[in-house]
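In what follows, a single structure is set out as structure tokens and then discussed.
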Amino acid sequence: MSTAVPADLTYPFAATPAPGEMLDVAPGVKWQRMPLPFSLNHINLWALEDGDGWTLVDTGMKTPQTAATWEAILAGPLAARPVRRVICTHMHPDHVGMAGWLTRRFNCPFWMTRLEYVTCRMLVADTGREAPADAVRFYRAAGWSSADLERYKARFGEFGNMVYALPDSFHRVSDRDELTIGRYRWRAVIGRGHSPEHLCLYCPELRVLISGDQVLPKITSNVSVFPTEPDADPLSDWLASLAAIRAAVPDDVCVLPAHNEPFRGLHARIDQLIDGHERSLHRLRQELSEPRCATDVFSLLFRRPVSEGNLQMATGEALAHLNCLIRRGQVTCEEDPAGVTIYRTCPRAD
Ligand SMILES: [Zn+2]
């Protein structure tokens, strides 16, 4: 994820919840924050009143700090009722990390979209494996050095360490499903590109959108190509799903995002996100009149320097832009003798 110039948005809540506390953000909707051990140091989670219990949306990453914060929340603001259901917007560890811990503790069901659930099971299963040759070849083709590749091999499989044993079954949520949660009906709105089948929840009556990582006010969500599907075009998916969400959800909602603060100005923010990517694609296409590999285009796409810590994310995001331009017929690529993929503007592109 990278920082971007914030759109003209408003933030209706002056304070953010302290660890172990919750703030009411709409009737029956509570906001809490969990710590994250990254430069992005928090995730927002939501508890919805659901009859005599709670439905939780997203769960935090599996860390001792998150478990301690959950203990405080469960003994404090949520103590009066049991957790009846856990919903996760998508499979990333900061969202799904404690789902299994919560569902086992309360013996309650887990709700997710199918692609998020099965992809998460796949990634967790990589923990303990050796880095696959396909993946090493993929990052070498992107321009990584031997030292970068060795670090990747040493780190491979860390995903599973950030996720408590997943619930062994799930209730499938599909696009446009209506979920009754307490007194309100919430509509499933699916996004793609940041993760395969990301769930947002829109409540027309409350005029609230729980947006997960699909629409964030101050940072742009990572959109990456991964070694399991080198030709994927997640950026086209991302742009199309942002446009679809803009059409499906009115502008006057209060957006509850997974990072930063609740905000108003959904359509302006979506327009800005789409516009930012289109401008990057335009610059990239011009830059590729000179042949370059994926790691050569970082300075064009990112304001901040790319370090060891964010090399994989930056590479995935650069490849997402390159694959999108290939899909649009504006860029072509070929492998050089060292196995590095070199991209250039199509001579026939207008
Ligand atoms: Zn995410």
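Scope of the values below: all heavy atoms of this structure, side chains included, with no hydrogens, waters or symmetry mates. Throughout, residue positions are numbered sequentially from 1 according to the sequence presented. Ligands are counted one by one from 1 in listed order, and the atoms in each one are counted from 1 as well.
Backbone or side-chain N, O or S atoms of H95 do not reach the Zn ion (ligand 1) at under 2.8 Å.
Sorting the N, O or S atoms of D213 by how far they are from the Zn ion (ligand 1) puts OD2 first.
In this structure, K62 has no side-chain hydrogen bond (donor to acceptor under 3.5 Å, both in side chains) partners at least two apart in sequence or on a different chain. Taking H90 as the reference, H92, H95, H194, H198 meet the ring-ring contact (aromatic ring centres under 6.0 Å, His included) condition, with sequence neighbours excluded.
A salt bridge is absent between E150 and R140; no separation between the charged side-chain nitrogens and carboxylate oxygens falls under 4.0 Å. The pair D177-R187 fails the salt-bridge criterion, with no side-chain N (NZ, NE, NH1 or NH2) lying under 4.0 Å from an Asp/Glu carboxylate O.
For H92 atom ND1 and H194 atom NE2, the angle they make at the Zn ion (ligand 1) is roughly 90°, to 10 degrees.
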